There are 2 protein chains.
Amino acid sequence: MQYQEAKEKFISTWGSLGTLWGINKAMAQIQALLFISTKSLSMEDIMEELKISRGNTSMNLRQLMDWGIVTKVLVSGERKEFFTTEKDVQELARIVAKERSRREIKPVIKVLDEVSSIKNDGTEKTKELIKQTKALRELTDDLDTLMNKLVNQKQNWLTKSVFKLMK
Amino acid sequence: MQYQEAKEKFISTWGSLGTLWGINKAMAQIQALLFISTKSLSMEDIMEELKISRGNTSMNLRQLMDWGIVTKVLVSGERKEFFTTEKDVQELARIVAKERSRREIKPVIKVLDEVSSIKNDGTEKTKELIKQTKALRELTDDLDTLMNKLVNQKQNWLTKSVFKLMK
DNA sequence: ATAAACTTTCAATAATTATTGAAAGTTTAA
DNA sequence: TTAAACTTTCAATAATTATTGAAAGTTTAT
């Protein structure tokens, strides 16, 4: 496999994996392209490489910047904007975990709290609803906490003590 | 908030959260309905509660059974089939984690391996591609391993030692 | 063997989500 | 101030994904 093929394979795989970390295909592909690029890229560069429209590129770059994954870089002597992504995978994971927690998990916990605190009228079905939503709330909360803790250990978090402990 | 409202809120929230654990809306809603139900339900029951068609119900129930989340139960004296879901949240998490690892994460690791093992022709861009896909491969693999380990600790895995260690 | 009771399949359709491209908006240089 | 260079916006459209419903298939009771 040569460079070009490998690059395309990486970009398309990472793109379709986007759903796993909660973002859309174009967004993931732009990030993937920047991730393996040795220099920052302009909108023009990205459009050309990924064969997507200007509008699409603009919107998805903005979203990536909202997530804090991509940043603008000023290239002296150039008028147009250039973009780069966080290059450290662990920092990337930290950002993604934090954002998903904030955007998706926290709101769900809130709803589960509301649902599990309805008045217990003593009926079987009400008891079951309360019991099960409470259990789910706790699990979701635990997973969220764990994820954030893991991911906030900036140095070697995975390969160090936690990991060994669990052998 | 009364029972009916709480129930609907739970089902719709859990349904839209489906993407977070990688399944579609109807599938997640069926699972949610079964999860808070005190007895097993027939296809008819599910169709009626969720206002979805017979075909949709049938297909999504089959998928849930493929995942190993839902099982048929035989109700004596009844000809039609009844369904129930795993009621223990931790066991549920275990199943979901295992399936997602198998269906999504493992295949990605395979591609990252292929890409990162291309011939190093010494150019900057090739070195970058190899370096970054290797880093991503390791992170993905570590997260996958960790997830599986966590989730295979059947008893109190979250609230016990791991959790305390990370305080 | 037959028919009633039930489930599955799948082509058609609907709903949702992503993408385009051109007009409007903004910034910079002269 | 003007105009060129660039970015953003958003209505229209395309692509994708989910859902329906009726025909085909299966199982069970008699």
Side-chain angles (χ1 to χ4, degrees), chain A residues 11-34 40-67 70-84 103-104, chain B residues 11-34 40-67 69-84 100 103-104:
Chain A
I11 291 171
S12 87
T13 304
W14 204 243
S16 60
L17 189 70
T19 48
L20 206 142
W21 49 296
I23 68 174
N24 77 24
K25 204 181 80 189
M27 231 175 120
Q29 291 192 343
I30 293 171
Q31 198 277 327
L33 176 63
L34 292 171
S40 59
L41 303 178
S42 68
M43 239 172 71
E44 213 74 41
D45 296 333
I46 296 168
M47 286 166 61
E48 196 173 300
E49 282 273 10
L50 302 180
K51 310 256 183 294
I52 59 177
S53 72
R54 188 173 299 282
N56 199 3
T57 308
S58 169
M59 285 171 117
N60 285 108
L61 274 172
R62 195 155 45 69
Q63 280 208 73
L64 283 164
M65 288 188 285
D66 276 355
W67 274 72
V70 162
T71 46
K72 281 185 190 173
V73 288
L74 286 169
V75 173
S76 58
E78 286 276 11
R79 179 132 154 211
K80 59 186 156 205
E81 294 172 325
F82 286 77
F83 302 90
T84 195
R103 292 166 195 242
E104 296 169 86
Chain B
I11 290 172
S12 87
T13 303
W14 205 243
S16 60
L17 188 70
T19 50
L20 206 140
W21 49 297
I23 68 173
N24 77 27
K25 204 181 81 188
M27 230 175 120
Q29 291 192 345
I30 293 171
Q31 199 277 328
L33 175 63
L34 291 171
S40 58
L41 303 178
S42 68
M43 239 172 70
E44 215 73 42
D45 295 334
I46 296 168
M47 286 167 60
E48 196 173 299
E49 282 273 8
L50 302 180
K51 309 256 180 297
I52 59 178
S53 72
R54 186 174 299 282
N56 199 4
T57 308
S58 168
M59 286 172 116
N60 285 107
L61 273 172
R62 196 156 43 73
Q63 280 208 74
L64 283 164
M65 288 189 284
D66 276 355
W67 273 71
I69 289 170
V70 162
T71 47
K72 281 185 190 174
V73 287
L74 286 169
V75 174
S76 57
E78 286 278 8
R79 179 130 153 211
K80 60 185 156 206
E81 295 172 324
F82 287 77
F83 301 89
T84 194
R100 295 207 74 184
R103 291 166 196 242
E104 298 169 88

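From a predicted model like this one, the values you see are computed outputs, not experimental measurements. Numbers restart at 1 for each chain; the letters A, B, ... are given by sequence-line order, proteins then strands.
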Shortest non-hydrogen contact from B:Trp67 toward B:Ile23: CZ2-CG2, 3.8 Å
Minimum heavy-atom distance between A:Phe83 and A:Val73, given as atom pair plus value: N-CG2, 4.2 Å
B:Arg79 (side chain) and D:dT27 (base): donor-acceptor pair under 3.5 Å: yes
Could you tell me the separation between the [atom1] atom of [X] and the [atom2] atom of [N], rounded to a whole number of Å?
X: A:Met47; N: C:dT19; atom1: CE; atom2: P; answer: 14 Å
X: B:Leu61; N: C:dT7; atom1: CG; atom2: P; answer: 10 Å
X: A:Asp45; N: D:dT7; atom1: CG; atom2: C1'; answer: 15 Å
X: A:Ile23; N: C:dT17; atom1: CD1; atom2: P; answer: 16 Å
X: A:Ile52; N: C:dG21; atom1: CD1; atom2: P; answer: 12 Å
X: B:Leu74; N: C:dT7; atom1: CG; atom2: P; answer: 12 Å
X: B:Lys72; N: D:dT27; atom1: NZ; atom2: C1'; answer: 11 Å
X: B:Met59; N: D:dT20; atom1: CE; atom2: C1'; answer: 11 Å

D:dA22 - base-pair partner by Watson-Crick or wobble geometry, distances under 3.5 Å: C:dT9
Identity of whatever pairs with C:dT28 - Watson-Crick or G-U, under 3.5 angstrom: D:dA3
Heavy-atom side-chain contact between A:Leu61 and A:Ile46 under 4.5 Å: yes
Side-chain touch A:Met27/A:Met59, heavy atoms, less than 4.5 angstrom: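 The answer is no; the side chains never approach within 4.5 Å.
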Residue whose nearest DNA chain D nucleotide is more 5′ - A:Met43 or A:Lys25: A:Met43
Sugar-phosphate only, base, or nothing, as touched by B:Asn24 at under 4.0 Å among non-hydrogen atoms: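 Sugar-phosphate contact only.
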Closest to the B:Arg62 side chain, choosing from D:dA5, D:dT27, C:dT9: C:dT9
Side chain of B:Arg54 (C-beta onward), nearest among D:dT8, C:dT7, D:dT19: C:dT7
Heavy-atom donor-acceptor pair, A:Asp66 side chain to A:Gln63 backbone, under 3.5 Å: no
